[in-house]
Visitor: 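The structure is given below, and queries will be raised subsequently.
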Amino acid sequence: MLDLKYVLSNLEEIGKNCANRRARCDLAALGALASKRSMLIAKSDELRRRQKEVGKSGGPAIPEERKAMLKEEGRRLRDELASAAAELESVESSLFGMLRTIPNLTHPAAPVGGSEEDNRVVRQSGNPPRFSFKPRDHVEIGTMLDIIDFDSGTRVSGKNFYFLKNQGVILELALVRFALDALSSEGFELCSTPDLAKDEILDGIGFSPRGPETQVFSVEGMGLSLIGTAEITLGGMLSDRILQKLPVKLGGLSHCFRTEAGAYGKASKGLYRVHQFTKVEMFVYASPEQSDSILEDLVAIEERIFGSLEIPYRIVDCCTAELGGPAYRKYDMEAWMPGRGSEGEWGEVTSASNCTNYQARRLKIRFKDPGDKGTRFVHTLNGTAVAVSRAIIAVLENHQREDGSVSIPAALRPYTGFDSIPHR
RNA sequence: GGAGAGGUGGCAGAGUGGCCGAUUGCGGCGGCUUGCUAAGCCGUUGUAGGCCUUACCGGCUUACCCUGGGUUCGAAUCCCAGCCUCUCCGCCA
């Protein structure tokens, strides 16, 4: 959420930003609600002030007659206050509801554009591998090697669920451990997080837990939802706190659950778009001065991880329309997936965002600036270290051999304990 | 799951209907004292919203004593519900 005062005093900038981001907002209505809110607060404050005054002039030993008058006056104030408070509540709920739909400001260097084609490719590492045979996709490989079982997943849990089996299980754990070790050596504090979180936390991070196009599964009657990413739990971890030392770097392991509502029609074979996967996530609380450069650091870590896995990738600077609500700037990493499309395609495997103070404002995460009295909101950043399901696609498809077996990249072998997955 | 105790400012800990945004101690900050240190003395010290003023400083006001309701002219204080913590018992991966 943006700062209300900032929005009100920079209407033109906000309007332009909303347009760039393809977000709808009615700033005139917002302004009208905001002045109504100020008026109602002033009114309630004044009523409460008089109420206090009346209360104080009470006391135990005053004449009955005067007491009766005070009671009368007090009751009147109470009723007036109740109606003002009710009106204020309704005004605030529409005002803040509206404010929450306004997306974050945008980094001046982020490309302006309305669709994926407007994302800017920043750099590429490696080239798509050349196979002397027709490469298989991961669904075929996974089934052949008996390491992924989609049919059982569908029977037990429904479409877009899966079982990992045999070396597939070990591969998942190896990727997780590999990523955790990488983060640990980068100074991240490791966490394994809850897989469910309170709806208010989801909301603060910018996920809407309810509603028709929600991306998250909710637990009936509990006020809890299955998390779509550990960004939610890691960001919630320090909510309502005043931090002393920045940056705070957390590396979180969790399962991620997504409904993928509205994702019909997009290329989504096999593991690419599933309802549940395991992910190691980076989350950083930083000062406003640090956040730009930390975003670059996060991307560099992602690149080292995929570089070590010997997977060709490219980094894209996401355009305004693709940023989502909270991100100020976002870099996606796309890995080459030889089995995707007819001749292979780039597919998103990680994503790193700087959300500036957009999430921190709602989650009330501040820090003390030693130079300054008072507190300021921190900046939050997040980035994927390894999203296991998509990493498995990239590993299997890039390292496949003609007979269907898969060679394990050297960096991963200490974690798997085997150097290839043979065809059975 | 059952029984008890409790949740107050950075921390400790008073406060059982109006004099309480809250005694006091510690800590923090500023100053005095001091050859240095220790000690002592004086002062100061929460967060957020609204209005006004504004280059800056600031002024007025409201809210916040776990959360949400209620009683009352008036609630940290009384009542109800919930959450959390601690102790004991039971159950369990």
Side-chain angles (χ1 to χ4, degrees), chain A residues 1-9 30-100 192-204 209 219-225 233 236-246 248 253-255 285 357-378:
Chain A
M1 184 173 70
L2 291 174
D3 179 34
L4 178 61
K5 281 186 199 155
Y6 183 87
V7 172
L8 293 175
S9 48
L30 186 89
L33 281 169
S35 28
K36 196 158 186 196
R37 168 173 177 264
S38 293
M39 191 271 283
L40 285 168
I41 288 175
K43 185 175 169 189
S44 316
D45 278 5
E46 175 59 16
L47 285 170
R48 262 188 291 260
R49 196 189 60 73
R50 277 166 57 201
Q51 199 174 41
K52 271 185 155 176
E53 216 169 63
V54 169
K56 272 189 182 137
S57 62
I62 58 165
E64 276 308 316
E65 205 175 301
R66 183 153 163 63
K67 209 172 204 167
M69 275 173 62
L70 288 176
K71 279 193 183 185
E72 185 51 41
E73 171 76 355
R75 281 204 192 95
R76 222 199 71 233
L77 289 171
R78 189 171 64 186
D79 294 346
E80 261 188 78
L81 183 59
S83 83
E87 198 182 347
L88 178 60
E89 198 182 316
S90 106
V91 167
E92 288 204 323
S93 115
S94 6
L95 174 64
F96 288 109
M98 206 175 269
L99 186 61
R100 277 198 288 271
S192 95
T193 91
D195 286 337
L196 291 103
K198 296 181 186 173
D199 290 342
E200 70 209 62
I201 301 288
L202 287 264
D203 224 49
V219 181
E220 182 76 41
M222 284 279 172
L224 288 173
S225 298
T233 41
M237 209 170 166
L238 297 178
S239 62
D240 217 355
R241 294 286 178 78
I242 296 170
L243 308 185
Q244 303 300 333
K245 259 183 297 185
L246 293 176
V248 174
L253 167 64
S254 80
H255 293 112
Y285 300 86
N357 62 22
Y358 194 86
Q359 297 173 324
R361 181 169 293 106
R362 293 207 59 202
L363 294 171
K364 297 200 279 278
I365 309 168
R366 300 159 205 278
F367 72 103
K368 262 209 140 58
D369 193 341
D372 212 25
K373 69 170 180 185
T375 56
R376 296 162 71 193
F377 289 113
V378 302

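Naming convention: chains lettered A, B, ... in sequence-line order (proteins, then strands); numbering from 1 in each chain.
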Visitor: Tell me what A/Arg50 touches on the nucleic acid: a base, only sugar-phosphate, or nothing, going by heavy atoms under 4.0 Å.
Guide: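 No contact.
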
Visitor: Using both distances under 3.5 Å as the test, list the Watson-Crick or G-U wobble partner of B/G25, or none.
Guide: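 Its partner is B/C11 (Watson-Crick or G-U wobble, both distances under 3.5 Å).
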
Visitor: Would you mind pulling out the nucleotide paired to B/G46, Watson-Crick or G-U wobble, both distances under 3.5 Å?
Guide: B/C64

Visitor: Using side-chain heavy atoms (C-beta onward) and a distance below 4.5 Å, is A/Leu40 in contact with A/Arg37?
Guide: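 Side-chain contact under 4.5 Å: no.
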
Visitor: In whole angstrom, give me the gap between the C1' atoms of B/C19 and B/C11.
Guide: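 Pairwise C1' distance, B/C19 against B/C11, rounds to 28 Å.
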
Visitor: Tell me the interatomic distance from A/Lys52, atom NZ, to B/C60, atom P, rounded to whole angstroms.
Guide: 14 Å

Visitor: Counting only side-chain nitrogens and oxygens, does A/Arg366 get under 4.0 Å of the OP1 or OP2 atom of B/A48?
Guide: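 For A/Arg366, the contact criterion (side-chain N or O under 4.0 Å from OP1 or OP2 of B/A48) is met.
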
Visitor: Considering all heavy atoms of both residues, which atom of A/Glu73 and which atom of A/Val54 are nearest to each other, and what is their separation?
Guide: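 Taking every non-hydrogen atom into account, CG-CG2, 3.7 Å.
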
Visitor: B/C73, B/A48, B/G50: which one has an atom nearest the side-chain heavy atoms of A/Ser38?
Guide: B/G50

Visitor: When you check the phosphate oxygens OP1 and OP2 of B/U47, does a side-chain N or O of A/Thr375 lie under 4.0 Å from one of them?
Guide: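 Negative; the distance criterion is not met.
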
Visitor: What does B/U71 pair with, Watson-Crick or G-U, if both distances are under 3.5 Å?
Guide: none

Visitor: Looking at the side chain of A/Lys71, which of B/G50, B/C73, B/U62 is the nearest nucleotide?
Guide: B/C73

Visitor: Quick one: label A/Arg78 by what it contacts on the DNA or RNA (base, sugar-phosphate, nothing), any heavy atom closer than 4.0 Å.
Guide: base

Visitor: Using a 4.0 Å heavy-atom cut-off, does A/Lys43 contact any base of the nucleic acid, only the sugar-phosphate backbone, or nothing at all?
Guide: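 Nothing, no heavy atom under 4.0 Å.
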
Visitor: What integer number of Å spans the C1' atoms of B/G74 and B/A14?
Guide: 23 Å

Visitor: So does A/Arg100 have more than 12 non-hydrogen atoms from other groups sitting under 6.0 Å from CZ?
Guide: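 Atom CZ in A/Arg100 is crowded, with more than 12 foreign heavy atoms closer than 6.0 Å.
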
Visitor: Look through every strand shown and name the nucleotide pairing with B/U34 as Watson-Crick or G-U wobble, where both distances are under 3.5 Å.
Guide: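 The answer is none; no pair meets the criterion.
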
Visitor: Give the minimum heavy-atom separation between A/Asp240 and A/Ile365, together with the two atoms involved.
Guide: N-CG1, 4.2 Å

